Amino acid sequence: MAIQTYTKGDPRQAASLVQVAIDSVHHDATPRLQAALHARLARALAKAADGPGSARALLAAQHAIDCGPHDDDPPWTYWVTPGEIHMLAASCALDLAEPHRAIDHFHDAVTAYDGTLSPRDHAIFLARSADAHLALGDLDAACADATAAVDRLHGVDSDRSTATVADIRRKLARHHNSLAVRDFLTRTA
């Protein structure tokens, strides 16, 4: 519910929802579950432009994920990994208009997966990294990451990754005077 709320509604309300979940399960949650909750709190707070609060929540998520998996982790928390925490940290940095920090976290996310990253997720990371490069005005790097994202999606059917790539394509289209952008747009038409 918090993800839907910070995506389409009020991020402060989303942060409140996650905080209730954290408070409710604090003593019974495995570190992986705690990491998931704190990472979502960080995302909501970043969308609410609360940089310090987001940073505190990310630190709590990182400390929790560093404890490693436990036998009693809920099965649905399989996705909570060090790489995913870095990816969420990168997304928080983008929300907080900190593209340099976002790029560092996207790089750390890919490195943390050590070759086990799915093509869909890798494409999403690359498209968001392209967004960070675009925010820095580096059209060549943005197009390189966007092109790599499209290449990773070859043969993959995923609404989430397709939407993410379409979003960066729309953003790049505003810079159609750049040769790199025109090449990318032509290649991906």
Side-chain angles (χ1 to χ4, degrees), residues 1-7 11-133 135 145 148-149 152 156 158 160-161 164:
M1 183 184 284
I3 295 169
Q4 289 176 320
T5 303
Y6 70 60
T7 301
R12 290 265 174 220
Q13 183 182 15
S16 295
L17 289 168
V18 179
Q19 191 61 59
V20 167
I22 289 169
D23 294 344
S24 296
V25 300
H26 178 70
H27 297 293
D28 298 322
T30 65
R32 181 177 274 179
L33 177 54
Q34 289 177 21
L37 292 171
H38 285 288
R40 291 302 175 189
L41 177 60
R43 192 83 164 96
L45 291 170
K47 285 186 172 287
D50 180 352
S54 181
R56 284 189 300 276
L58 283 170
L59 186 60
Q62 189 63 56
H63 285 306
I65 201 66
D66 286 347
C67 292
H70 284 75
D71 291 338
D72 56 343
D73 283 330
W76 60 267
T77 62
Y78 70 90
W79 61 271
V80 184
T81 64
E84 190 67 20
I85 298 301
H86 279 294
M87 192 282 300
L88 287 164
S91 294
C92 289
L94 278 176
D95 290 336
L96 293 166
E98 298 173 356
H100 284 292
R101 195 166 63 90
I103 290 168
D104 290 343
H105 278 295
F106 283 126
H107 174 76
D108 291 344
V110 172
T111 301
Y113 277 98
D114 193 29
T116 62
L117 192 57
S118 74
R120 179 197 78 127
D121 289 342
H122 200 174
I124 291 170
F125 291 4
L126 286 164
R128 289 183 181 166
S129 179
D131 203 9
H133 284 294
D145 279 355
R152 294 292 183 294
V156 175
S158 163
R160 183 174 168 219
S161 54
T164 302

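Values in this document were obtained by computation on a predicted structure and should not be read as measured data.
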For the OH atom of Y113 and the CD atom of E84, what is their distance to the nearest 0.5 Å? 4.5 Å
Taking R128 for the side chain and F106 for the main chain, is one N or O donor matched with an acceptor at less than 3.5 Å? no
Which is it for R40 and L88 under the side chain to side chain contact (heavy atoms under 4.5 Å, CB included) test, yes or no, and what are the steps along the way? CA-CA 8 Å; R40 291 302 175 189; L88 287 164; 3.4 Å; yes
Non-hydrogen atoms of A102 and A93 that approach each other most closely: N-CB, 3.5 Å
Under 3.5 Å, which donor-acceptor pairs do the side chains of residues 12-22 form with other protein atoms, sequence neighbours left out?
residue: S16; atom: OG; partner: R12; partner atom: O; Å: 3.2
residue: Q19; atom: NE2; partner: D23; partner atom: OD1; Å: 2.9

Interatomic distance, CD1@I103 vs CG@D108, rounded to 0.5 Å, equals 12.0 Å
Taking side chain as C-beta onward, heavy atoms only, is L45 less than 4.5 Å from Y6? no
Considering all heavy atoms, the nearest A89-R101 contact: O-NH1, 4.4 Å
If you measure from SG on C67 to CD on Q62, what distance do you get to the nearest 0.5 Å? 10.5 Å
For L33 and P74, the nearest pair of non-hydrogen atoms, with its separation, is CD2-CG, 4.4 Å
Going through the checks in order, is the side chain to side chain contact (heavy atoms under 4.5 Å, CB included) test met by M87 and D121? CA-CA 10 Å; M87 192 282 300; D121 289 342; over 6 Å; no
Nearest-0.5 Å distance that lies between atom CZ in F125 and atom NE2 in H105: 12.5 Å
Using every non-hydrogen atom in the two residues, find where A35 and I65 come nearest and quote the distance to one decimal. CB-N, 3.9 Å
Reported CD1-to-OG distance for the pair I124 and S129, which is rounded to 0.5 angstrom: 13.5 Å
Once rounded to the nearest 0.5 Å, what's the spacing between atom CG of L58 and atom CD1 of I85? 8.0 Å
May I ask you to test the H86-T111 pair for a side-chain heavy-atom distance under 4.5 Å? no
Looking only at atom types and distance, does a side-chain atom of H70 sit under 3.5 Å from a main-chain N or O of G68, one as donor and one as acceptor? yes
Side-chain heavy atoms of D73 within contact of V80, under 4.5 Å: no
Identify the two heavy atoms, one from A46 and one from S54, that lie closest to each other, and give their separation to 0.1 Å. CB-OG, 3.7 Å
So which atom in A112 and which in P82 form the shortest heavy-atom distance, rounded to 0.1 Å? CB-C, 4.2 Å
